[in-house]
Amino acid sequence: YPKDVDEFQTGSLYSEILLGMTGLVTKAGRSLTFLAADAQGRPDAFLESCRAGDFEGVLLLAVTERGLHAAVRDTGTLAVLVDHWDPATGLDGIVDDSSAGARAAARYLLNLGHRAIGYIGWAHDEAKGPRRERAFRVELKRQGLEIPEAWTWRGVTGPESGYRGLLKLMQAPKRPSAVFCFNTLMVHGAYKAAGELDLSVPRDVSLLGYGNEDIRSVFKDTWDSKDYVGHGPPVTRFAFDQRELGRAAARRLLWRIERPTAPARAVRLPVALVEGESCGTADRRGGER
């Protein structure tokens with residue numbers, strides 16, 4: 001796993017994935033070794049262990065560096081990509097079905113009557129992530145809607161972006177009545193911005209999240225300060241079973257060990273709506289603007 005996500009806190013995405021991996025691997029009679037793949041920026045020792053056959057296989061969790069994908073593959077070590085997948089690698093991948101989830105998110109807001117819809121996202125979504133924004137926009141466009149740049153914000157994946165994003169979106173002459181956030185951590189940042197702007201959620205603006213991230217989880221690459229976290233109602237979101245993602249990854253690697261020459265493919269976990277109280281219909285007071 002990348003060194004910049006090495007603080008696995010209870011309730012965080014990566015700790016849940018690791019718990020799922022560990023449980024399944026242990027039941028299968030194997031052991032799981034956790035390694036920071038880019039420790040000190042030098043994966044040489046890790047790659048040498050791969051070349052020496054020290055591992056039956058490796059699970060590359062949140063590793064987006066194509067060079068490392070290729071280097072592991074070139075050692076002849078069997079590998080599965082977890083949480084991020086790149087078909088160009090020729091490796092198996094285990095991910096949530098982000099595209100289907102984002103399309104469902106668009107339909108959900110439309111069914112609530114929203115037509116003025118904004119987006120707060122991750123700056124690296126297209127390059128390294130699940131392309132959630134693209135799927136969301138495509139589904140809205142299919143319904144004849146576009147998200148103007150004034151209603152768009154991209155940044156890191158923590159609450160700071162939700163905070164800064166909603167402040168920016170609400171400066172537009174015409175405000176969005178609903179905003180889809182790349183993840184649930186961003187919704188908590190948007191809650192703080194809404195409070196400063198004296199906006200009520202969902203009366204004045206509906207906020208829709210994605211994933212089951214616990215706001216108490218802390219990551220070096222996404223968290224600047226608890227000061228970006230606000231309070232609001234339980235978050236309405238589209239989510240997947242994070243622990244099952246880990247189990248599915250381990251299961252796929254064990255399958256791959258038995259079938260080393262089988263074609264590589266991605267396994268996508270289903271995403272479902274988790275009802276909270278952060279979204280309302282567009283006909284509320286202050287809804288459609």
Side-chain angles (χ1 to χ4, degrees), residues 1-2 5 8-25 59-64 80-87 91-109 111 119-122 124-126 128-139 157-159 161-162 179-188 207-217 219 221-222 234-255 265-279:
Y1 61 88
V5 292
F8 296 110
Q9 302 292 322
T10 301
S12 73
L13 170 63
Y14 294 116
S15 68
E16 288 297 302
I17 292 174
L18 288 172
L19 285 169
M21 287 179 181
T22 304
L24 192 136
V25 166
L59 296 160
L60 298 174
L61 172 57
V63 173
T64 59
V80 172
L81 303 179
V82 189
D83 189 43
H84 293 279
W85 181 63
D86 183 348
L91 300 174
D92 293 312
I94 309 296
V95 293
D96 65 285
D97 198 342
S98 268
S99 293
R103 291 193 297 269
R107 292 192 295 271
Y108 177 77
L109 292 177
N111 288 338
Y119 180 77
I120 299 175
W122 181 34
H124 299 296
D125 189 11
E126 291 299 304
K128 297 181 178 180
R131 297 170 175 81
R132 203 166 290 158
E133 178 180 351
R134 180 188 300 180
F136 184 68
R137 287 179 180 274
V138 166
E139 185 63 22
T157 57
S161 288
V179 178
F180 177 45
C181 296
F182 180 86
N183 66 15
T184 300
L185 296 177
M186 291 180 176
V187 175
H188 288 279
L207 297 174
L208 178 61
Y210 191 100
N212 280 322
E213 291 94 342
D214 190 324
I215 192 59
R216 294 169 297 179
S217 63
F219 293 93
D221 63 337
T222 62
V235 180
T236 302
R237 61 197 185 276
F238 282 83
F240 59 97
D241 187 333
Q242 297 169 342
R243 199 167 295 193
E244 176 57 25
L245 189 71
R247 289 191 290 263
R251 195 180 298 121
R252 184 67 181 182
L253 183 57
L254 294 173
W255 181 92
R265 71 180 185 91
V267 176
R268 293 180 172 85
L269 267 64
V271 178
L273 175 67
V274 179
E275 288 278 10
E277 299 173 9
S278 63
C279 289

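In this chain, residues are counted from 1 in sequence order.
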Quick one: side-chain contact (heavy atoms from CB on, under 4.5 Å) partners of [X], sequence neighbours excluded?
X: Ser161; value: Trp153, Val156, Met186
X: Ala266; value: Trp85, Arg268
X: Asp241; value: Arg243, Glu244, Arg247

* For Phe182, ring pair (Phe, Tyr, Trp, His ring centres under 6.0 Å) partners two or more places apart -> Trp122
How far apart are the closest heavy atoms of [X] and [Y], and which atoms are they?
X: Glu277; Y: Thr236; answer: N-OG1, 3.4 Å
X: Ala250; Y: Val25; answer: CB-CG2, 3.7 Å
X: Arg252; Y: Val267; answer: CD-CG2, 4.4 Å
X: Leu269; Y: Ala248; answer: CD1-CB, 4.1 Å
X: Ala239; Y: Val274; answer: CB-CG2, 4.0 Å
X: Ser99; Y: Pro130; answer: OG-O, 4.3 Å

* Asked: Do the non-hydrogen side-chain atoms of Trp255 and Val80 ever get within less than 4.5 Å of each other?
  -> no
* Within a strict 4.5 Å, meaning less than it, do heavy atoms of the Leu19 and Glu16 side chains meet? -> yes
* Asked: Can you tell me how far the CG atom of Leu208 sits from the CG atom of Leu273, to the nearest 0.5 Å?
  -> 8.0 Å
* Taking atom CG of Leu60 and atom CG of Asp86, what is their separation to the nearest 0.5 Å? -> 12.0 Å
Side-chain ([X]) to main-chain ([Y]) donor-acceptor, under 3.5 angstrom:
X: Asn183; Y: Thr157; result: yes
X: Asp125; Y: Glu133; result: yes
X: Thr184; Y: Gly211; result: yes
X: Ser278; Y: Leu207; result: yes
X: Asn212; Y: Leu13; result: no

* To do: Any chance you could lay out the side chain to side chain contact (heavy atoms under 4.5 Å, CB included) test for Val271 and Tyr210, step after step, and finish with the verdict?
  => CA-CA 9 Å; Val271 178; Tyr210 191 100; 3.3 Å; yes
* Using the side chain to side chain contact (heavy atoms under 4.5 Å, CB included) rule, take Phe136 and Leu109 through it: C-alpha gap first, then chi angles, then the decisive distance, then the call. => CA-CA 11 Å; Phe136 184 68; Leu109 292 177; 4.2 Å; yes
* Asked: Should Met21 and Val82 be marked as a side chain to side chain contact (heavy atoms under 4.5 Å, CB included) after you check the CA-CA gap, both sets of side-chain angles, and the distance that decides it?
  -> CA-CA 10 Å; Met21 287 179 181; Val82 189; 3.9 Å; yes
* How are the rings of Tyr119 and Phe180 set to each other: parallel, tilted or perpendicular (split at 30° and 60°)? -> tilted
* Structure fact -> Sequence neighbours excluded, the answer for salt bridge (Lys or Arg N to Asp or Glu O under 4.0 Å) partners of Arg131 is none
* Partners of Asp83 by salt bridge (Lys or Arg N to Asp or Glu O under 4.0 Å), sequence neighbours excluded? -> none
